[in-house]
Amino acid sequence: MNVDTVERAAKTPDDEQPHRELGLEDDEYARIRDILGRRPTTAELAMYSVMWSEHCSYKSSKVHLRRFGDLPESASLLVGIGENAGVVDVGDGYAVTFKVESHNHPSYVEPYQGAATGVGGIVRDILTMGARPVAVMDSLRFGPADAPDTARVLPGVVAGVGGYGNCLGLPNIGGEVLFDACYAGNPLVNALCVGVMKHEDVRLAKAEGVGNKVVLFGARTGGDGIGGVSVLASETFDSAADGQRGPAKRPSVQVGDPFTEKLLIEACLEIFAQGLVTGIQDLGGAGLSCATSELASAGTGGMHVDLDAVPLRDSTLTPAEILMSESQERMCAIVEPDKVDAFLAVCHRWEVLATVIGEVTDGDRLTVDWHGERIVDVPPRTVAHEGPVYERPTRRPADLDDLQADDPAALPRPRTPEELQAHWLAVLASPDGADKTWVTEQYDRYVRGNTVLAQPEDAGMVRIDEESNRGIALALDGNGRYTRLDPYTGAQLNLAEAYRNVAVSGARPLAVTNCLNFGSPENPEVMWQFAEAVRGLADGCRALGLPVTGGNVSLYNQTGDVAIDPTPVIGVLGVHEDVRRRVPTGWRTAGETVLLLGETKPEFGGSAWASVVHGHLGGRPPAVDLDAERELAELLAALGREGLVGSAHDLADGGLAQALAESALRYGVGARLNLPGEAFTALFSESTARVVVTTSDPTAVRTTAQWAGVAVTELGTTGGDALVVEGVAELPLAELRAAWTATLPALFGTPEATVGSVPAGTVPTS
Amino acid sequence: MRIGVTTFPGSLDDVDAVRAVRLAGGEPVALWHGDHDLEDVDAVVLPGGFSYGDYLRAGAIAARAPLVQDIVTRARQGLPVLGICNGFQVLCEAGLLPGALTRNAHLHFRTRDQALRIERADSAWTRDYEAGQRIVVPVKNGEGRYVAAPADLDRIEAEGRVVVRYVEGNPNGSMRDIAGVTSADGRVVGLMPHPEHAVEELTGPSTDGLGFFTSVLEQVVSA
Amino acid sequence: MPRVVVDVVLKPEISDPQGQAVLGALGRLGHDSVRGVRQGKHFVLDVEGTPDEAELTQIAETLLANPVIEDVELHLPKG
Amino acid sequence: MPRVVVDVVLKPEISDPQGQAVLGALGRLGHDSVRGVRQGKHFVLDVEGTPDEAELTQIAETLLANPVIEDVELHLPKG
Ligand SMILES: Nc1ncnc2c1ncn2[C@@H]1O[C@H](COP(=O)(O)OP(=O)(O)O)[C@@H](O)[C@H]1O
Ligand SMILES: [Mg+2]
C-alpha cells in the first residue's frame, strides 16, 4: 500500500483534501498548513481533525472554563484541571482522584455498549493518575419514561453500566435516573469514577527522558469508532495496486471488554508499585493521536512512533485509521529502557498485550513512520494544546422572559387533604420520584467490601483505610429544569444539592467535578446558557471554598434543532474522618424526634410538583443561599461528630413530601407529624438548604443549630407503620411503598423488555 | 490455619474473601491461577467475580485452569473447598458439585440482601450455624439460577446435599430455591450468595456470613 | 480456512427464560405464528488444516457446552 | 411444526471479546488448530403454518439482532 508521506505532501501542495468532511473549517485547515509549512499528510490531517474536534479541543468551551482555573488556590488540591483527572488531598497521606464524563451519543446509538464503554473510559482516566479505582457512579437522563424509545435505550444503558462496572469489580455507589421529554433522542449517560492512592503515587501524563520507550498496552487496535471518518480510508493513494477502492467498513460503535480492562487495571497498579513508568496516558477519544501528542507536548522532548509495531485486530486499517481508532482498553506508557523488560513481564503475567512502539526523542517533533516512510512530522503542542479557540456569540434565549414570567404560583393547588394526599402519591410514584431499585439492583455495590453508603442514600461513601476508618463521600446532581429556568442559579443549585448530599452523610465537602451537557455551541442561546452555567458554578465554588478539579464538556446534545435542557451534572467529593460515624438517610428507630433544619419559602419554579401534577415548567428556580448551605453543612458535620442524629436526609426535588416518604420507607418506620404553616408549601416547596434529621436528643440539636445559625422546626416523632400528618394525610407505609416501588418495574421490568438490550458479544453476567 | 483464596484473571471478591478469612481468625494465603501449588493450605476459598470475563459460560474457562485441576484432586481427598458465586460456578463446571448455574429467570443482574435458611449445619463450612437458622447476606449475580434435571434434583435432595436455600423470595429463579449445595462428604460447598460481604456491621447487611469462615477453622482443627 | 460451526442449545428439560422472553416480545408485536422460541449459542471456528472431527467433538462437548444442561450440534464444512 | 433457525453473529468488524476468550482457552488446552472463534446467538423458532419469510426476516433483523452491530442468518426449513 502506497500512502501519503511527508515527502509526498511537500511535493504535492495542491492536492485536494477532505478537511470539511472531517469537520475542519477552512480557516482551521489553513492554520494547519501554516503550522506545517505545507499541506498535511493524510495521517496528519486525521490527527488534527480529531484533536481539534469540539470533543477533544474544547474549542467552544475553553474560554469559559478558564473561570474554574481562576478560583482561589485550595490547600487540598494536589493536581488541578488539565490532567486526566484532578487529585485531592484527603488526609493521612491519601490522595483521591475523581472525574465525571459523558458518553451520551454512543449510548443512543447502541445503549449497552455506549454505556459500558463510558464507564470503561472514565475508569482509565482515573487509573492513569496512579490511583486504584474504588467506585463508580452514574447520572442518567432519558426521554419520557413511557416512550417506546426509552424502552429501547434505558434497559440497555442500565445493563451496560452494570455489565462493565460489575465485571471490573467496582462498587456502584450512587447516581441519578431522571426523565424528561427534552432527552428523547438524546439521552445522557454520565459516568463518574473515583480512585485512591498515596500522595507519592500520583502519576502524570508526560513523555520525559530522551531514549525512553513508548509502550502501547492492552487491547489490539481495530477500526472502532472511526465509522464517521471512513472518508479517509478512500484517501489511500494507490488503490490500483491492491485492487481495492473505497472505504472499508468501519464500525462507529465501540465494543467494551471489561475483562481486558480489569487485567489492565491490575497490571497498571503492579507497574506503578514497581516504579516502572515515567508517564502514562489512557487512549480514549482520538486514540493514539491523542495519547502520543498529549504525552509528547507535556514532556520536554519529542516522540517517534513506528506505527507498524501497533498490534492490530484488523490488518486492513490504514495508518490514519490506526492513529484515530478508538478501540477500548488501551493505554500508553513512557518507560525507561532498562525497565522495559520488567514492564513487559508484568503485562505478560496479567495476560495483557504490550508492545514498544516508539521512543522519546530530543527535539520537539512528533514523528510517525509507516512501512519505513515518514507519514507524520508535527509539533505535538499544535495538535494537543494549540487547537482553535472560539469566542462564540452568546444570546439570552428569546423565550426566557416568558418562561420566567410563567409563575407556578398561578397553578391550581390541592385544597383538600384528599387532593394533597393524591399529589403526594403522584410525585412519589412519578418516574423521577419513584424507587430506583430496579436500576440499582443491577449494580454491584458490595464488591471490595468497603462500601459504607450506597444508593438510595443521599451520598455514596467508601472506606479507604480499614485501620483508621477514613473514608470519602460522593454525590452527583444535575437538575435540568432549574438550569433551563436560570442557568446561573441552576448550576449553583446543582452544586448546592451535591454539596448538601455529601454534608448530610457527615462528610466534609472538599472538591468539585462536573460534566456540562448542553446543546449546540453554534446556537448563541445555548452558548449563553453554557456561559451562565459555568459562571454560576465558578461563583458557587468560590462561595463554598471548593476547587473544581476537572470535568468534561458534552455539546451538541440535541434532537434536530432542539437542544436538551442545559444539564450541568455536578459531583462533590467529601472526606469523612471516621466512617463508623456516618449518618444514614433512613429512619431506623421509633421514638426519635423529627426536625426540619432550614427555612421553607413558597418556591415552586421548576419543582417536581409543578412538573408531575401540571406538566409545568416556568417561573424562577428556588433561591440559592450558599452561606446557608455552608452553615448547614457545618452543623451537620458537628451533629454527626457528636453522634446527635440518627438520620439525616436532604430536601430536593419533591421537597419535604419526597424526603419524608423516602426516610420512612428505607427501613419501614413511620412517623406522626405536624406541618408548620400551610401544608401545601410545607410539603412541596423546593427551598434549598434544608434537611430532615431525627434525634433522640432534640434539645442538644436545637442548641447546636442555634449556635450554627440554622433554623429548626420540630415536625414530630418517628414510629408506627404509617406517615401520619395531622389534618393532612394518613398514609400507610404499605400503600406508600406500593406506589413508590411499582413504577419502574411496570415500565421496564418484564423479561421481554430485555430482548435485544444486550448484544451478542460481551455478556458477562455472573 | 492457612486458608487459600484463589485469584483468576477477573476474580473480584478475592479481597473480600481474604478479609473474611482474616476476620474469622484464619491466615489467608493468596493462590494464583496459573500455579500448580496449593502451598500446603488447609482449605481453599474460590471467591466471586468474573473469571476470564465469564465469557462462554460463567466459570467455564476458570474450571480448566491448572490450579483448579489441583483443587479438584485435593478436594476428592478431603480438602475443604468453598466456592462463592463465581467460585460455585467454577466448582459445578469442574464437576465437583452437581448441577449448573444459568441465566437468572428475570434476565437481569440482581443485587439484594437475601434471607437464607441453613439446611445443613454439618458441612465443613456451616458447622457454626444451626440447621434451620435464618441468615441475611448479599446475593449478586446474573447467572445464579441453579438448575439440574429433575431426577438429579431429587437425588441431591434425598442425599441432603442442599446446604442453603433462599427464603422470603427467590432472587433468580433457582430450582427448589437452592442457594448452595455440597459434595457427598460435606467438605466441598458452593453457594451463590456472598457470606464474605456480611462480615462487618459497617459494610454488610449483617455479620451473618462470618460463620462460613469460622466453621472451617474448627473443621480443620478437629480433622 | 475451513469454518466449523457449533450450535449449543439447552436440553429440552431445562427451562429457557431467554427464549421465553423473546416469545413474549414476539407475541406483543403481533407475530402470533411463532409458537416457541429457544435461545442458544452459535460458535464459528476457523480451523487450520483438515478439521479433526474427534477433536472438534471433544471441544464442542466439553468446553463449548456444559453437558449437564446443554446439547451440541457440530457442523463440519461440507466436502 | 416447522422449525426456523436464526443465527445472530457480530459484524466482522466488531470486536468479539467473548470469542477471543474462548480462543484463548482453546490455546491453553492445546487445541492449536483452531485459529479464530466468533460467538453469536442461535435461535430456534417453532412456527405454525408455512413460515412467512418476509415476516421472519423482519423479526430476525429487528428483534433478535441489533443491526448496528450484528448480522443475521435466517435458515428456513428445506422443502
Ligand atoms: N467542565 C469542566 N470543568 C473542569 N474541567 C474540565 C471540564 N471539562 C474538561 N475539563 C478538563 O479538561 C481536561 C481535558 O479533558 P478531556 O479531554 O475530557 O480529558 P480526557 O481526554 O483525559 O478525558 C481535563 O483535565 C478535564 O478535567
Ligand atoms: Mg484522559
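Protein chains get the first letters and strands the later ones, always in sequence-line order, with residue 1 at the start of each. Not measured: the values here are computed from a predicted model.
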With the side chain counted from C-beta on, respond yes when B:Val139 and B:Arg112 share a heavy-atom pair under 4.5 Å apart, and no when they do not. yes

Side-chain heavy atoms of A:Val575 within contact of A:Tyr94, under 4.5 Å: no

Side chain / backbone / both / neither for [X] at chain B, heavy atoms under 4.5 Å:
X: A:Leu168; answer: backbone
X: A:Val579; answer: both
X: A:Arg349; answer: both
X: A:Glu466; answer: side chain
X: A:Gln442; answer: both
X: A:Asn166; answer: both

Got a salt bridge between A:Arg666 and A:Glu457, using NZ or NE/NH1/NH2 to carboxylate O under 4.0 Å? yes

Any salt bridge linking B:Lys140 with A:Asp444? Criterion: basic side-chain nitrogen under 4.0 Å from a carboxylate oxygen. yes

So, the part of B:Arg110 with a heavy atom under 4.5 Å from chain A: the answer is both

Pick one of side chain, backbone, both or neither for B:Glu196, based on which atoms fall under 4.5 Å of a heavy atom in chain A. neither

For [Y], does its backbone N or O pair with a side-chain atom of [X] as donor and acceptor, under 3.5 Å?
X: B:Asp16; Y: A:Gly449; answer: yes
X: A:Glu329; Y: A:Asp257; answer: yes
X: B:Ser123; Y: B:Thr126; answer: yes
X: A:Asn172; Y: A:Tyr443; answer: no

By the definition side-chain contact (heavy atoms from CB on, under 4.5 Å), identify the one residue from A:Val462, A:Ile173, A:Val452 that meets it with A:Ile472. A:Val462

When only heavy atoms count and the cut-off is under 4.5 Å, which of residues 23-34 of chain B reach chain A? B:Trp32, B:His33

How about CZ on A:Arg588, more than 12 heavy atoms from neighbouring residues, nucleotides or ligands closer than 6.0 Å, or not? no

Using a cut-off of under 4.5 Å for heavy-atom pairs, which of B:Leu101, B:Asp113, B:Leu56 has the most such pairs with chain A? B:Asp113

Quick check on the interface: out of B:Arg19, B:Glu201, B:Arg57, B:His194, who has the most heavy-atom pairs with chain A under 4.5 Å? B:Arg19

By ring-ring contact (aromatic ring centres under 6.0 Å, His included), B:Phe213 pairs with (sequence neighbours left out) none

